[in-house]
Each structure stands twice: as C-alpha cells, then as structure tokens.
Amino acid sequence: MEKRALGRSGLTVPVVGMGTWSTFDVKGKAAEANARAVVDRALEAGATFFDSSPMYGESERVLGLALEGQRDAAIVATKVWTPSVETGREQIRRALDYYGGRVELYQVHNLVNWREHLDTLEQLRDEGKVSAIGATHYQAPAFDELQAVMRTGRITAIQIPYNPIQRDVEERVLPLAADLNLGVVVMRPFAERGLLRRIPPDADLAPLAPFGVRTWPQALLKWILSDPRCHVAIPATSKPHRMTENAGAGGPPWFGAAEREYVSRLAQRRI
Ligand SMILES: NC(=O)c1ccc[n+]([C@@H]2O[C@H](COP(=O)([O-])OP(=O)(O)OC[C@H]3O[C@@H](n4cnc5c(N)ncnc54)[C@H](OP(=O)(O)O)[C@@H]3O)[C@@H](O)[C@H]2O)c1
C-alpha cells in the first residue's frame with residue numbers, strides 16, 4: 001500500500017482507507033463482530049485510515065470497539081457536527097473516549113459552526129489530543145465557503161467527494177488544496193454505490209490489467225488516487241473481503257491521462 005503525506009497536516013496516510021457511514025451504524029454482537037472483521041481486514045491490507053462522525057449513528061462507537069487492542073495501528077479521522085459549542089465538546093469527549101484519548105484528524109463536518117468548533121479543536125491540538133484539523137463538505141454549493149475556510153490557515157486537510165461522475169472539486173477546490181499544501185481525503189469514491197449499479201464486463205476492464213486493476217471498484221479507486229492531489233480515498237463497506245479488494249487499488253503503477261479518460265468514459269456508460 002502506498003503512503004502519502006496528508007498535505008502539511010503532519011500525518012502520513014495509506015492511499016486507501018475506509019469510511020463508516022451507514023456500514024458501521026449497527027448494534028448487537030453479530031453486527032459488531034462483522035465490523036471488527038472489516039477493520040481486521042483493513043489493517044491486514046494496510047488500509048489503516050478510518051473515517052467516522054457523530055452524524056453516523058453508532059459508527060463512532062462501533063469503530064472504537066473494532067479497534068480495541070489495535071488502536072495504535074490505526075489513524076482515526078472523525079468529526080464534530082452540531083451548531084452548539086457545548087454539544088460539540090460532548091461529541092469530542094465521547095470520541096476521545098472511544099479512541100484512547102486521541103484522534104489523529106478532527107474535522108468540522110459539513111462546515112457546521114466551523115469558527116467556534118475550530119477554537120475548540122485548536123485547543124485540543126495544543127494539548128496533544130488531536131494531531132491535525134480538517135473540514136468537510138459533500139455538496140458543490142458549499143465549496144465557496146469551504147475555500148474560505150481553507151484560506152484561513154486554520155485547517156491542514158479537507159474531505160470532499162470526488163469520482164468520475166462528481167468532479168466539481170477539479171475546478172477550484174483541488175487546485176487551492178494543492179497551492180496551500182492541504183491534505184485531501186476523498187469521500188464517496190463510488191458515488192454512494194451509484195457507480196456500482198452496472199459493472200463493466202471483463203473485456204472492458206482488460207486494458208487496465210497492466211495497472212493491477214482486476215475489478216471495477218479498483219478501477220474507480222485508482223482513477224481517484226492517480227491524481228496526486230488526492231491523498232486517501234475512503235470507500236465504506238460492510239463486507240470484510242471487499243476491504244481487501246479495495247486496498248488492492250492502493251499502489252502503482254498509477255493511471256495516466258489516457259487511462260483516466262478511459263475509466264471516465266466507462267463510468268458515464270454505467271449510470
Ligand atoms: N463528510 C461528509 O459530508 C461525508 C459525506 C458522505 C460520506 N462521507 C464519508 O465517506 C465514506 C464513503 O462514502 P459513502 O459511504 O457515502 O459511499 P461509497 O464509499 O462511495 O460507497 C459505499 C458503498 O459501496 C459498496 N462497496 C464498497 N466496496 C465495494 C466493492 N469492492 N464492491 C462492491 N461494492 C462495494 C458498499 O456496500 P457493501 O457494504 O455491500 O460492500 C457501500 O454501500 C463514508 O462512509 C463516510 O465516512 C463523508
């Protein structure tokens with residue numbers, strides 16, 4: 001698995017990590033054991049970056065359980081998501097409890113009340129409980145505000161959606177992130193399954209075999225990660241074996257412009 005510096009955040013991350021939205025929002029022994037199996041496979045494959053949020057129901061708690069006894073092997077990214085400063089502090093207290101008293105990347109989710117949450121997070125960073133601070137948004141209309149936050153100098157990473165059918169960030173967000181040397185975490189690599197509804201036939205994937213691509217999800221992940229401005233993609237899965245498959249896209253050779261264009265064309269035909 002290739003590792004990249006997450007911009008100037010001070011963190012080094014594997015290029016493939018894992019999200020937990022909906023897939024880890026589960027309760028009960030069997031579902032929690034399954035989440036543990038997903039995390040075990042991720043760690044085995046070197047996909048050691050895990051993203052969560054208090055917005056994702058049980059996910060932060062279930063990720064914490066799944067990391068029991070192996071927390072040191074993980075890079076945890078989570079979020080604060082509330083208009084209230086006090087509720088934000090409670091969310092952070094809970095998360096620090098789940099993750100052994102520290103979180104590597106703390107993000108302001110959807111830019112909600114970002115100014116005040118950044119005050120809290122900066123204090124925690126000064127205390128050594130948070131390594132780096134970021135901000136996220138998933139919708140293009142919010143990207144102007146996201147760029148304003150990026151320019152404040154108060155964050156060192158962003159999390160944005162990017163895949164062959166959601167390319168809004170190419171216009172201004174990715175160029176600005178590169179200019180400012182910010183880390184870029186890529187959410188929704190499969191467009192929330194939208195890109196997985198119709199899988200291209202093997203014959204269409206054959207030209208990508210020299211790049212180590214065996215499956216369509218791997219082609220999509222490699223499409224993202226072949227842009228060096230992107231540092232880690234975080235596909236979510238509830239199936240342990242898919243974590244191994246996804247991690248398989250995390251190394252060179254990377255696509256050139258022609259292969260990226262080819263995958264884009266395949267993706268347009270799949271939606
Ligand atoms: N900050 C924000 O605003 C924000 C917004 C959205 C998402 N996110 C983060 O980004 C993460 C990823 O985004 P996402 O969960 O929306 O969507 P996604 O990763 O694009 O797609 C996830 C879906 O893909 C399926 N999948 C994963 N690997 C697969 C494979 N190899 N083969 C076939 N199917 C596969 C999973 O189903 P199975 O479970 O059946 O494998 C899952 O339902 C989230 O979990 C979350 O951590 C952040």
Side-chain angles (χ1 to χ4, degrees), residues 13 16-26 31 34-35 37-39 41-42 45 47 49-60 62-63 66 74-82 95 105-112 114 117 134-143 145-146 149 155 157-166 168-169 173 183-200 205 213-225 230-250 267 270-271:
V13 294
V16 178
M18 199 191 86
T20 59
W21 175 64
S22 94
T23 49
F24 274 39
D25 184 14
V26 295
N34 182 65
V38 173
V39 165
R41 292 289 278 271
F49 182 94
F50 301 92
D51 179 73
S52 196
S53 170
M55 190 202 217
Y56 307 160
E58 298 295 314
S59 298
E60 277 191 309
V62 170
L63 176 63
I75 299 164
V76 172
T78 194
K79 312 187 189 84
V80 55
W81 176 66
T82 167
L105 176 61
Y106 230 115
Q107 305 154 105
V108 180
H109 199 146
N110 290 352
L111 305 178
V112 179
W114 58 268
H117 292 318
T136 81
H137 212 290
Y138 69 108
Q139 280 182 323
F143 289 165
E145 189 179 3
L146 179 61
V149 181
I155 61 170
I158 55 168
Q159 182 179 142
I160 41 82
Y162 188 42
N163 60 59
I165 56 166
Q166 293 177 311
D168 303 284
V169 292
V173 174
V184 175
V185 179
V186 178
M187 64 167 92
R188 295 191 166 170
F190 308 138
E192 280 183 277
R193 295 184 82 100
L195 281 165
L196 302 177
R197 275 189 211 111
R198 287 184 294 148
I199 305 289
L205 294 179
V213 167
R214 289 174 296 104
T215 69
W216 179 232
Q218 289 179 336
L220 293 167
L221 290 168
K222 198 151 250 196
W223 182 93
I224 296 164
L225 297 167
C230 299
H231 304 122
V232 51
I234 51 168
T237 184
S238 56
K239 316 258 183 338
H241 71 277
R242 287 186 171 161
M243 206 51 244
T244 311
E245 176 187 347
N246 293 343
R270 298 290 120 199
I271 51 171

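By convention here, the first residue in the shown sequence is residue 1. All ligand and atom numbering here is 1-based and tracks the order in the structure.
Of the possible donor and acceptor atoms, none in the side chain of Glu245 sits under 3.5 Å from a partner among the backbone N and O of Gln218.
Here the rule is side-chain contact (heavy atoms from CB on, under 4.5 Å) with Met18, and of Asp51, Asn246, Ile234, Val38 only Val38 fits it.
Ligand 1 is surrounded by Gly19, Thr20, Trp21, Thr23, Asp51, Tyr56, Lys79, His109, Asn110, Thr136, Tyr138, Gln159, Met187, Arg188, Pro189, Phe190, Ala191, Glu192, Arg193, Leu196, Pro217, Ile234, Pro235, Ala236, Thr237, Ser238, Lys239, Arg242, Glu245, Asn246, each with at least one heavy atom closer than 4.0 Å.
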TODO: Please report the C-alpha distance between Trp223 and Tyr162 in whole Å, then the side-chain angles of each, then the deciding distance to 0.1 Å, and finally whether the ring pair (Phe, Tyr, Trp, His ring centres under 6.0 Å) criterion is met.
DONE: CA-CA 10 Å; Trp223 182 93; Tyr162 188 42; 4.9 Å; yes
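Donor-acceptor pairing under 3.5 Å is lacking for the side chains of Ser52 and Ser59.
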Distance-only donor-acceptor pairs under 3.5 Å for side chains of residues 236-244, two or more places apart:
residue : atom : partner : partner atom : Å
Thr237  : OG1  : Lys239  : N            : 3.0
Thr244  : OG1  : Arg41   : NE           : 3.1
Thr244  : OG1  : Arg41   : NH2          : 3.3

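Inter-residue side-chain proximity for Ile199 and Thr215 is flagged as unmet; no heavy-atom pair is nearer than 4.5 Å.
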